Amino acid sequence: MGLLRFLPLLLVLSAIASAAASQSVLRMVSEGPPCGDGDDLYCDSWRLSEETNNAGYWKTIPARCLQFVAEYMNGDRFASDSAVVAAESLAFAQTVQVVGDGKDVWIFDVDETLLSNLPYYAVNGYGSEDFNETTFDEWVNLAKAPALPASLRLYEELLGLGFQVVLLTGRVEAQRNVTAENLSFAGYHSWNRLILREDSDIGKKAVRYKSGRRAELEAQGYRIHGNSGDQWSDLLGSPMAMRSFKLPNPMYYIQ
């Protein structure tokens, strides 16, 4: 009976302690220490925010997250996250009744969706430095970007299911040959179309450019069942695919 008399007080004290701990965690996530053990927690929460598009437009990764992003991109978690996205994509694709008239389409972005530019970003700060178009174009011209393994497997499986694959990239028309060469080097083949920015597309935000190209495909009678991209701007805008699948990319953001 003695313990029961103090039970209400113990419950109150426990609630106060829990609330204090929660406030401490919230302060650590929102503000965070300048360095130290809190970085991993903060950067993991930041990655969730940017992947869900809650962070909106951002120019470079937080300076304190350089090591976190490097370890994520080179580690098992990125590979696992990519594999899960591919598995969810395939599970949906298997529910689609492909008619067989050549009009059932799956759209893929190229950079960080089919091809990995990690070798470039590994020597350019993993997104902690301002984007340098000149050095990136030099990397593109090498045509040596490797495939993202999970995406390559999904690509092959979609072809096997009878989908037409359309590649819709923000690269420019002048890069068509090196892009096709790189895709072939990485193991991709048999795409229906490779769509790149034309002169009239220069300066357009990615959402406007890519949604406009999807509208043209629909006007030609194509049924866009799936759309895979590492940027929200690959996926948003009207018309959208029946299902859109966002691949992980904490290194940069394209509007």
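Treat the numbers as computed from the prediction; the structure is a model and nothing was measured. Any value given below was found using the heavy atoms of this structure, including those in side chains, with hydrogens, waters and symmetry copies removed.
Here the side chains of T179 and R176 are not in contact, with every heavy-atom distance at 4.5 Å or above. Under the 4.5 Å side-chain criterion, counting only non-hydrogen atoms from C-beta, R208 is not in contact with R213. Annotation: side chain of Q164 is not in contact with side chain of D104 (no heavy-atom distance under 4.5 Å). Looking only at side-chain heavy atoms (C-beta outward), H225 and V105 stay at 4.5 Å or farther from each other. Side-chain contact between I224 and E218 is present, with heavy atoms from C-beta onward closer than 4.5 Å. Proximity of D201 to E198: side-chain heavy atoms (C-beta onward) are separated by under 4.5 Å at one or more points. Side-chain contact check for W191 versus L183: some heavy-atom pair is nearer than 4.5 Å. The closest side-chain heavy-atom distance from L148 to L152 is not below 4.5 Å.
When ring centroids are compared, W46 and W58 come within the 6.0 Å threshold.
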List the atom pairs, with distances to 0.1 Å, where a side-chain N or O of residues 248-255 and a protein N or O form a donor-acceptor pair under 3.5 Å, not counting sequence neighbours.
residue, atom, partner, partner atom, Å
N249, OD1, M251, N, 2.9
N249, ND2, D230, OD2, 2.7
Y252, OH, E112, OE1, 2.5
Y253, OH, N53, OD1, 3.0

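Counting heavy atoms of neighbouring residues, nucleotides and ligands inside a 6.0 Å radius, atom CD of E156 exceeds 12 of them. In the displayed structure, Q94 atom CD is contacted under 6.0 Å by more than 12 heavy atoms of other residues, nucleotides or ligands. When the shell of 6.0 Å around CG of D101 is examined, it contains more than 12 heavy atoms from other residues, nucleotides or ligands. The local environment of NZ in K205 is sparse, with at most 12 non-hydrogen atoms from other residues, nucleotides or ligands closer than 6.0 Å. In this structure, Q97 places its CD atom where only 12 or fewer heavy-atom neighbours from other residues, nucleotides or ligands lie under 6.0 Å away.
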As a quick check of understanding, evaluate side-chain hydrogen bond (donor to acceptor under 3.5 Å, both in side chains) for E71 and Q67, giving each step before the final call. CA-CA 6 Å; E71 291 177 354; Q67 181 178 351; 2.9 Å; yes
Step by step, work out the side chain to side chain contact (heavy atoms under 4.5 Å, CB included) result for L194 and L196. CA-CA 7 Å; L194 171 57; L196 303 96; 3.7 Å; yes
Let me see the working for L217 and I107 under side chain to side chain contact (heavy atoms under 4.5 Å, CB included), right down to the final yes or no. CA-CA 10 Å; L217 289 169; I107 296 177; 4.0 Å; yes
Run the ring-ring contact (aromatic ring centres under 6.0 Å, His included) check on F245 and W106 step by step: do they pass? CA-CA 11 Å; F245 297 89; W106 196 287; 5.8 Å; yes
Side chain to side chain contact (heavy atoms under 4.5 Å, CB included) evaluation trace for Y72 with D44: CA-CA 10 Å; Y72 172 77; D44 200 26; over 6 Å; no
Please lay out, stage by stage, how N192 and V165 fare under the test side chain to side chain contact (heavy atoms under 4.5 Å, CB included). CA-CA 5 Å; N192 180 286; V165 173; 5.8 Å; no
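Judged by distance alone, with hydrogens and angles left aside, the side-chain atoms of K144 form no donor-acceptor pair with the main-chain N or O of W139 at under 3.5 Å. The backbone N or O of Y120 lies less than 3.5 Å from no partner atom in the side chain of N117, so there is not a single donor-acceptor pair. No side-chain donor-acceptor contact under 3.5 Å links N227 to the backbone of A241. Between the side chain of T52 and the backbone N or O of S49 there is at least one donor-acceptor pair closer than 3.5 Å. Listed for the N182 side chain is no donor-acceptor partner under 3.5 Å among the backbone atoms of V178. Without hydrogens or angle criteria, E88 side chain to V85 main chain gives no donor-acceptor distance under 3.5 Å. Side-chain N or O atoms of S128 include none that pairs as donor or acceptor with a backbone N or O of I61 at under 3.5 Å. Checking side-chain atoms of S80 against main-chain N and O of D76 turns up no donor-acceptor pair under 3.5 Å.
No continuous path of hydrophobic side-chain contacts links L66 to L48 [ILVMFWY only; heavy atoms under 4.5 Å]. V207 and W232 are not part of a single hydrophobic cluster, where members link through side-chain heavy atoms under 4.5 Å apart. Under a hydrophobic clustering in which Ile, Leu, Val, Met, Phe, Trp and Tyr are joined whenever their side-chain heavy atoms come within less than 4.5 Å, directly or via other members, F185 and L159 fall into different clusters. Under a hydrophobic-cluster definition in which Ile, Leu, Val, Met, Phe, Trp and Tyr are linked whenever side-chain heavy atoms come within less than 4.5 Å, directly or via other members, F163 and L168 are assigned to different clusters. Linking Ile, Leu, Val, Met, Phe, Trp and Tyr whenever their side-chain heavy atoms come within less than 4.5 Å leaves L142 and V172 in two separate clusters.
Note that the CD atom of E181 and the CG atom of N177 stand 8.5 Å from one another [nearest 0.5 Å]. A distance of 12.0 Å separates OG of S89 from CZ of R153, quoted to the nearest 0.5 Å. Atom SG in C43 sits 11.0 Å away from atom CD in E50 (nearest 0.5 Å). A distance of 7.5 Å separates OG of S244 from CG of L236, quoted to the nearest 0.5 Å. The structure places OH of Y188 at 5.0 Å from OG of S151, a figure rounded to the nearest 0.5 Å.
For the pair D234 and K246, the salt-bridge criterion is not met [side-chain N within less than 4.0 Å of a carboxylate O]. Using a 4.0 Å cut-off between charged nitrogen and carboxylate oxygen, E173 and R197 do not count as a salt-bridge pair. Salt bridge annotation for D109-K210: present, with a cationic side-chain nitrogen under 4.0 angstrom from a carboxylate oxygen. A salt bridge does not link D40 with R64: every distance from a Lys NZ or Arg NE/NH1/NH2 to an Asp or Glu carboxylate oxygen is 4.0 Å or more.
Taking both residues in full, the closest heavy atoms of S228 and L247 are given as CB-CD1, 4.1 Å, listed atom of the first, atom of the second, then distance. Considering every non-hydrogen atom in both T113 and G229, the closest pair reads OG1-CA, 3.4 Å. Heavy-atom minimum distance, G102 versus Y222: O-CE2, 3.5 Å. The shortest non-hydrogen separation linking A145 to A186 is O-CB, 4.0 Å.
Cation-pi geometry between K204 and Y209 is not met at under 6.0 angstrom from the ring centre and within 45 degrees of the axis.
No donor-acceptor contact under 3.5 angstrom links the side chains of Q175 and N141, judged on distance only.
Ring orientation note: the planes of Y155 and F108 are tilted relative to one another, at an angle of 30° to 60°. Note: F136 and Y121 have tilted aromatic rings, judged against thresholds of 30 and 60 degrees for the angle between ring planes.
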